[in-house]
Amino acid sequence: MQQKLNLYNTLTRKKEEFEPLHAPFVGMYVCGPTVYGEPHLGHARSAVTFDVLYRYLKYQGYKVRYVRNITDVGHLENDADEGEDKIQKKAKLEHLEPMEVVQHYTNIYHQEMDKLNMLQPDIEPRASGHIIEQVQMIQEILDNGYAYEVNGSVYFDVTSYNKEHKYGKLSGRVIEDLMANTRDTEGQSEKRSPLDFALWKKASPTHIMRWPSPWSEGFPGWHLECSAMSRKYLGTTFDIHGGGLDLMFPHHECEIAQSQASHSHTDAAKYWIHNNMITVNGQKMGKSLGNFINLSELFSGNHAMLEQAYTPMTIRFFILQAHYRSTLDFSNEALQAARKGYTKLMNGLRVLKKLEYTEETAETVPDEKLNEELQKLAQECFRGLNDDLNTARTIAALFNLLKKINSLYLGQINMGQLSRGTFDLMRDTYQELVLDVLGLKEESVGDIEEVLNLVLSFYKEAKEQKAYDKVDAIRAELKQHGIVIKDMKTGIDWAYEE
């Protein structure tokens, strides 16, 4: 396609044409989960957003290295520099080794992502496996004069850094305002400024997760891991850094400062991309607020806020039907509507499989106006994706294209009115965007096509024999399972109930 991909860059506050640093290669780093509990709907939104970006970049022919980390150490309670490590706390509660907790919830995260049809990242590094790289980066920051050591802990000196650079340029925060609204709390007295953040923390006697360093036995700060791992696998400057909007400050802001302070280059990534939150009654969904729904609960329906179970593809469509930078409010009604939208797209795939273009059916002179209309509809499907990955607009365009596909199937449009090129463009655009880019797939048990064809043969036989009680019984039974029978001039067919 001739259209260019444009992405909203949080760093510049505007949409920019995507131009990789070293085309056709693209480096993309995305902040992954802290694995101390099951993934919830909020985690799914970030994962789906960057899965679609990964898929679309690959679809466009780029050679992408997608790195998504696992946080298994250093993430303290309330995202602060004091308190207990979230994973260590969970390990104590369950009488397990911290790495048992990590492995257990990492396995669950992978299982749930597989159900949502996520492509796996190319590299999935763990923070605990990159202590050497983090210690090295801390030493570089110290050597460059942007950090200081106190009692075995090392802190980033935000005030010193801000004299030469701009701390807050990603989030739009002003350091003077941050200082005015921040007060020292217990345990932070060893910092020169309340804005300073930990690069390395000396472990208390009861802290289980600890490693040797030049300063003390301790553990790295939460913000440091992403700076160190993105540099190791993507270089000092790479193309895309992604994550949830809640990570923009302080996490990503601190990443930029650390990367720049350690090797004096501008920023770490060229494009900073943030997905917005899923809300419940207007409030962010999250573990700390206690209003989250685990993905396993969504799939089983076992949660007080759920009226029914929802399939993984319903959840994926629910997330895709909104632009990634807009908030997405949870409700049962929205999920039920998402199921209908997803089903409509799947029915379109079924119809396309039945359509076949043959030269024998083509007219000598195709309908130029119709061909032009279909070509524009296909182009519109890409226009949404290229406009800052607007999947909502792309889905709406796919529904418009589907109307023409259904008209062809019902015989309302003669196949011969299309050129072979237009037919192939229509078919390929629909199939490739639904399956390869949006990452949706048909959810079925066993060989449903074979079973339903057998049932339809009984249905047809009952109609021919005018056994209308059997006709009605077959219709009713299939409808209970979400299948509707369609009696058409061209024959009998079935579709998923929308």
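In this text, all values refer to a predicted model and were calculated from it rather than measured experimentally.
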So Arg231 and Ser259, do their side chains get closer than 4.5 Å, heavy atoms only? no
Is Glu133 reaching over with its side chain to a backbone N or O of Ala228, donor-acceptor style, under 3.5 angstrom? no
Residues that Phe423 engages under ring pair (Phe, Tyr, Trp, His ring centres under 6.0 Å), provided they are two or more places apart: Tyr357
I'd like to know if the side chain of Thr327 pairs up with that of Asn276 as donor and acceptor (distance under 3.5 Å, no hydrogens or angles considered). no
Minimum heavy-atom separation for Tyr233 and Ile123, please, with both atom names. CD2-CD1, 3.7 Å
Quick one: side chain to side chain contact (heavy atoms under 4.5 Å, CB included) partners of Leu76, sequence neighbours excluded? Asp85, Phe219
Is the CD1 atom of Ile132 crowded by more than 12 outside heavy atoms at less than 6.0 Å? no
Looking only at atom types and distance, does a side-chain atom of Asn386 sit under 3.5 Å from a main-chain N or O of Phe382, one as donor and one as acceptor? yes
So, using ring pair (Phe, Tyr, Trp, His ring centres under 6.0 Å) as the criterion, who are the partners of Phe50 when residues are at least two apart? none
Lys58/Asp436 salt bridge by N-O under 4.0 Å criterion: no
Heavy-atom nearest pair, Arg325 first then His274, reads CG-O, 3.8 Å
Does a donor on one side chain sit under 3.5 Å from an acceptor on the other, for His241 and Glu255? yes
Would you say the side-chain atoms of Thr429 pair up with the backbone N or O of Met426, donor to acceptor, closer than 3.5 Å? no
From CD (Glu16) to NZ (Lys4), nearest 0.5 Å: 15.5 Å
What's the shortest heavy-atom distance between Asn117 and Arg316, and which atoms? O-NH1, 3.6 Å
Between Asn6 and Lys15, is there a donor-acceptor pair closer than 3.5 Å when you use the side chain of the first and the backbone of the second? no
What ring-ring contact (aromatic ring centres under 6.0 Å, His included) pairs are there with at least one residue in residues 65-113, not counting sequence neighbours? Tyr54-Tyr66, His75-Trp222
Validation row: Cys31, His252 side chains within 4.5 angstrom (heavy atoms): yes
Got a donor-acceptor contact below 3.5 angstrom from the Asp72 side chain to the Ser128 backbone? yes
Does Arg126 use its side chain to pair, donor to acceptor, with the backbone of Ile70 at less than 3.5 Å? no
Quick check: do Ile131 and Pro220 have side-chain heavy atoms less than 4.5 Å from each other? yes
Tell me every residue that passes side chain to side chain contact (heavy atoms under 4.5 Å, CB included) with Glu97, counting only those two or more places apart in sequence or in another chain. Glu100
Side-chain contact test, heavy atoms from C-beta onward, threshold under 4.5 Å: evaluate it for Tyr62 versus Phe18 and give yes or no. yes
Would you say Lys14 has more than 12 foreign heavy atoms packed within less than 6.0 Å of its NZ? no
Any sub-3.5 Å donor-acceptor pair from Gln308's side-chain atoms to Gln336's backbone N or O? no
Is there a donor-acceptor contact under 3.5 Å from the side chain of Arg65 to the main chain of Leu234? no
Side chain proximity check, Leu335 to Ile315, heavy atoms < 4.5 angstrom: yes
Asn400 and Glu380: side-chain donor and acceptor closer than 3.5 Å? no
Backbone N/O of Cys226 and side chain of Gln258: donor-acceptor pair under 3.5 Å: no
Glu124, CD: over 12 other non-hydrogen atoms inside 6.0 angstrom: yes
Using 0.5 Å steps for rounding, measure from the CD atom of Glu442 to the CG atom of Asn347. 8.5 Å
Ion pair Arg68/Asp51, N-O distance below 4.0 Å: no
Straight-line distance of Ile405 CD1 to Leu398 CG, nearest 0.5 Å: 8.5 Å
Donor-acceptor contact present, side-chain Asp239 to main-chain Pro20, <3.5 Å: no
Consider only side-chain N and O atoms of Tyr8 and His323, and report whether a donor and an acceptor are under 3.5 Å apart. no
Taking every heavy atom of Leu116 against every heavy atom of Ala44, the minimum-distance pair comes out as CD1-CB, 3.9 Å
Taking every non-hydrogen atom, the tightest pair across Met313 and Gly439: SD-O, 4.1 Å
Please tell me whether Tyr310 and Tyr342 form a close aromatic pair, meaning their ring centres lie under 6.0 Å apart. no
By side-chain hydrogen bond (donor to acceptor under 3.5 Å, both in side chains) - contacts of Asp329 (at least two apart): Thr279
Run the side chain to side chain contact (heavy atoms under 4.5 Å, CB included) check on Leu402 and Tyr430 step by step: do they pass? CA-CA 8 Å; Leu402 179 57; Tyr430 191 90; 3.8 Å; yes
Is Arg475 paired with Asp472 through a side-chain N to carboxylate O contact shorter than 4.0 Å? no
Can you name the one residue among Lys89, Lys92, Lys90 that meets salt bridge (charged side-chain N to carboxylate O under 4.0 Å, His left out) with Glu84? Lys92
Using a 4.5 Å cut-off on heavy atoms from C-beta on, say whether the side chain of Trp272 contacts that of Met248. no
When you look at Leu5 and Leu57, which way does the side chain to side chain contact (heavy atoms under 4.5 Å, CB included) test go after all the steps? CA-CA 9 Å; Leu5 173 61; Leu57 290 169; 3.8 Å; yes
Regarding Tyr324 and Arg45, is there a side-chain donor-to-acceptor distance under 3.5 Å anywhere? no
For Ser171 versus Arg13, what's the shortest heavy-atom pair and its separation? C-NH2, 3.1 Å
Show the numbers, then the answer: is there a side-chain hydrogen bond (donor to acceptor under 3.5 Å, both in side chains) between Gln103 and Asn107? CA-CA 6 Å; Gln103 193 62 53; Asn107 290 344; 3.0 Å; yes
Quick one: does Leu320's side chain get under 4.5 Å of Val48's, heavy atoms only? yes
Side chains of His40 and Ile293, heavy atoms from C-beta outward: is any pair under 4.5 Å? no
Leu425 CG to Leu374 CG distance, which is reported to the nearest 0.5 Å: 8.5 Å
I'd like to know whether Asp246 forms a side chain to side chain contact (heavy atoms under 4.5 Å, CB included) with His251, so could you lay out the CA-CA distance, the side-chain angles of the two residues, the decisive distance to 0.1 Å, and finally the verdict. CA-CA 9 Å; Asp246 57 333; His251 186 55; over 6 Å; no
